[in-house]
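For reference, the structure is listed below as structure tokens.
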Amino acid sequence: MSVVNLNPASTHPRSGSFWSSFRQSVMALVDGEVAPSRRITQQPTRAPAGSITFDLIDPDLINARDVYVVDYEDGLLFDQVDLVAIGAASVEARSNVEDVFATIISMPADNLLVVVNIDTVGDIDQAVDSLFALKTARPDIPVVIASATFQKNNFTSQRRSIADASVRLPCSCAALADAIEAGVLNSKS
């Protein structure tokens, strides 16, 4: 915001003392008018020439990774992961954990990340069994789980046997980015 004096002091003589002009300014404002000596205008902002983007995830953690997302066909998790994992080599939607497991079993872990909406599985026991099998076979692959049933986000390795981080749905892009970062870092430790 810019402050522009439309009536410079040199063309508008002061009358009386400071308190007299102060009183006149206050009275003009009380009467619903703008004080005659100043007007505040907002300069129009120029739109940037190109789009502005910034990374929510440390590029060193996500660059060159293939990200596999298990979500409902019309779910929002895939779109959010695609948005925050901008530096990823690819972001692919998969229908279930077993499909992801079959795809990544022989791939190098440095280039992978799995994000699973466990609500898509239907039965929590089945979800835990599938994730446990994945983490047992490939503990080096970062796995982030998401669910509307979680009470809060958990970026610790508390659920290490099935995942490296968890996020409560619906979530913000920032929370998802934090979960992905924590999942990648937790899988390395």
Side-chain angles (χ1 to χ4, degrees), residues 50-189:
S51 64
I52 297 174
T53 63
F54 57 92
D55 297 324
L56 291 175
I57 302 171
D58 181 2
D60 294 335
L61 296 177
I62 198 72
N63 283 354
R65 286 193 187 266
D66 293 316
V67 182
Y68 295 92
V69 181
V70 178
D71 194 15
Y72 293 110
E73 189 173 312
D74 59 348
L76 298 176
L77 186 60
F78 173 80
D79 292 335
Q80 282 185 295
V81 171
D82 192 37
L83 183 66
V84 300
I86 262 192
S90 68
V91 179
E92 293 183 31
R94 295 298 172 112
S95 58
N96 58 53
V97 177
E98 289 77 18
D99 183 34
V100 172
F101 184 72
T103 303
I104 66 173
I105 192 67
S106 62
M107 296 173 78
D110 290 352
N111 299 330
L112 299 173
L113 170 68
V114 178
V115 181
V116 180
N117 178 348
I118 63 171
D119 298 338
T120 62
V121 178
D123 183 283
I124 191 69
D125 292 333
Q126 184 182 358
V128 169
D129 289 345
S130 297
L131 291 167
F132 184 74
L134 173 63
K135 286 303 282 181
T136 300
R138 296 298 306 270
D140 53 343
I141 295 176
V143 176
V144 176
I145 57 175
S147 175
T149 62
F150 293 155
Q151 289 185 358
K152 61 181 180 175
N153 299 334
N154 187 342
F155 305 144
T156 68
S157 57
Q158 182 179 5
R159 296 182 172 124
R160 179 98 175 151
S161 62
I162 62 170
D164 298 296
S166 60
V167 66
R168 183 183 191 288
L169 295 176
C171 65
S172 67
C173 287
L176 181 60
D178 286 344
I180 290 171
E181 269 196 354
V184 171
L185 294 172
N186 290 343
S187 72
K188 292 180 180 181
S189 57

Going by atom type alone, with no hydrogens or angles, which donor-acceptor pairs under 3.5 Å involve a side-chain atom of residues 104-117 and a protein atom two or more places apart or on another chain?
unit_1	atom_1	unit_2	atom_2	d
N117	OD1	D119	N	3.0
N117	ND2	D71	OD1	2.9

- prompt: Is any side-chain heavy atom of K135 closer than 4.5 Å to a side-chain heavy atom of S161?
  reply: no

- request: With rounding to the nearest 0.5 Å, note down the distance linking CG in L77 to CG in D82.
  value: 11.0 Å

- prompt: So do the side chains of F150 and I145 get within less than 4.5 Å of each other, counting heavy atoms only?
  reply: yes

statement: When rounded to the nearest 0.5 Å, the distance separating CG of L134 from CG of D129 is 12.5 Å

message: Return the OG to CD1 distance between S187 and I141, rounded to the nearest 0.5 Å.
response: 9.0 Å

query: Would you find more than 12 non-hydrogen atoms of other residues, nucleotides or ligands less than 6.0 Å from Y72 atom OH?
result: yes

query: What closest approach, in Å, do F78 and A93 show between heavy atoms, and which atom pair accounts for it?
result: CE1-N, 3.6 Å

Non-hydrogen side-chain atoms of I118 and I124 separated by less than 4.5 Å: yes

- prompt: Can you name the closest pair of heavy atoms from R168 and A148 and give their distance?
  reply: NH2-O, 3.9 Å

Other residues, nucleotides, ligands: >12 heavy atoms within 6.0 Å of Q158 CD: no

Donor-acceptor pairs under 3.5 angstrom involving side-chain atoms of residues 169-184: please list them, not counting sequence neighbours.
unit_1	atom_1	unit_2	atom_2	d
S172	OG	A175	N	3.0
E181	OE2	D58	N	2.7

message: Using every non-hydrogen atom in the two residues, find where A85 and I62 come nearest and quote the distance to one decimal.
response: CB-CG1, 4.0 Å

field: Donor-acceptor side-chain pairing of N154 and S166 below 3.5 angstrom
entry: no

task: Taking the side chain as every heavy atom from C-beta outward, state whether L61 and K188 have any pair of such atoms under 4.5 Å apart.
output: yes

statement: Closest non-hydrogen contact found for A89 with D66 is CB-OD1, 3.6 Å

- prompt: Roughly how far, to the nearest 0.5 Å, is CD of E92 from CG of D99?
  reply: 9.5 Å

query: Any idea which heavy atoms bring P139 and T136 closest together, and the distance?
result: CD-O, 3.7 Å

